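Below: the structure, in structure tokens.
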Amino acid sequence: VMAAFKADLKSKGWDVTTIAATAGGDDGGDGGGGGATYTGTNGDAYGVFDGGGYDTKTFLDVCTWPTKPADPNCTRGDR
């Protein structure tokens, strides 16, 4: 999911950097997950993109600002 999201951001003019990435794996059927956190710029705009999934759930948290803030904290939503 996140690789496709990253490709879509790039196609829309975002310069994307991978901050962290984990691969999902087979953990004996317990729903092991994977995901990634990206930062990006598009002109002066700055974004943090965090997503992934586990079990049967997929999540994506997106925070964007008109310019990079001093503390670009993007809080994860309730899971």
Side-chain angles (χ1 to χ4, degrees):
V1 169
M2 290 306 291
F5 186 69
K6 182 178 181 179
D8 194 47
L9 284 169
K10 287 183 167 195
S11 77
K12 291 177 175 40
W14 284 84
D15 182 22
V16 182
T17 301
T18 301
I19 300 301
T22 58
D26 182 8
D27 61 357
D30 292 333
T37 302
Y38 306 131
T39 60
T41 57
N42 188 341
D44 287 337
Y46 184 81
V48 176
F49 312 95
D50 178 45
Y54 58 92
D55 203 10
T56 60
K57 300 176 184 185
T58 300
F59 64 89
L60 183 60
D61 295 302
V62 175
C63 298
T64 59
W65 298 269
T67 59
K68 184 178 180 180
D71 181 16
N73 186 12
C74 188
T75 305
R76 288 183 172 179
D78 291 337
R79 304 278 181 261

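The model shown is predicted, which means the values in this text are computed figures rather than measured ones.
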### Message
Can you list everything that forms a side-chain contact (heavy atoms from CB on, under 4.5 Å) with Asn73? Sequence neighbours excluded, please.
### Response
Asp71, Thr75

#### Entry: For Pro69, all residues meeting side-chain contact (heavy atoms from CB on, under 4.5 Å), sequence neighbours excluded
Tyr46, Trp65, Pro72

## Note on the structure
From the list Thr67, Asp15, Val16, side-chain contact (heavy atoms from CB on, under 4.5 Å) with Thr41 holds only for Asp15

### Summary
For Thr58, the side-chain contact (heavy atoms from CB on, under 4.5 Å) test, sequence neighbours excluded, returns Val1

### Query
Excluding sequence neighbours, so at least two apart, what forms salt bridge (Lys or Arg N to Asp or Glu O under 4.0 Å) with Asp8?
Lys12

## Note on the structure
Thr37 meets the side-chain hydrogen bond (donor to acceptor under 3.5 Å, both in side chains) criterion, sequence neighbours left out, with Asp50

### Message
Counting C-beta onward and ignoring hydrogens, is there a side-chain heavy-atom pair between Lys6 and Thr18 closer than 4.5 Å?
### Response
yes

### Query
Given the rule that I, L, V, M, F, W and Y join up when any side-chain heavy atoms are under 4.5 Å apart, are Val48 and Leu60 in one cluster?
no

### Task
Can you sort out the partners of Thr17 under side-chain hydrogen bond (donor to acceptor under 3.5 Å, both in side chains), two or more places apart, ordered by chain and number?
none

### Ala7: side-chain contact (heavy atoms from CB on, under 4.5 Å) partners, not counting sequence neighbours
none

### Query
Can you list the residues that meet the ring-ring contact (aromatic ring centres under 6.0 Å, His included) rule with Phe49, with sequence neighbours excluded?
Phe5, Trp14

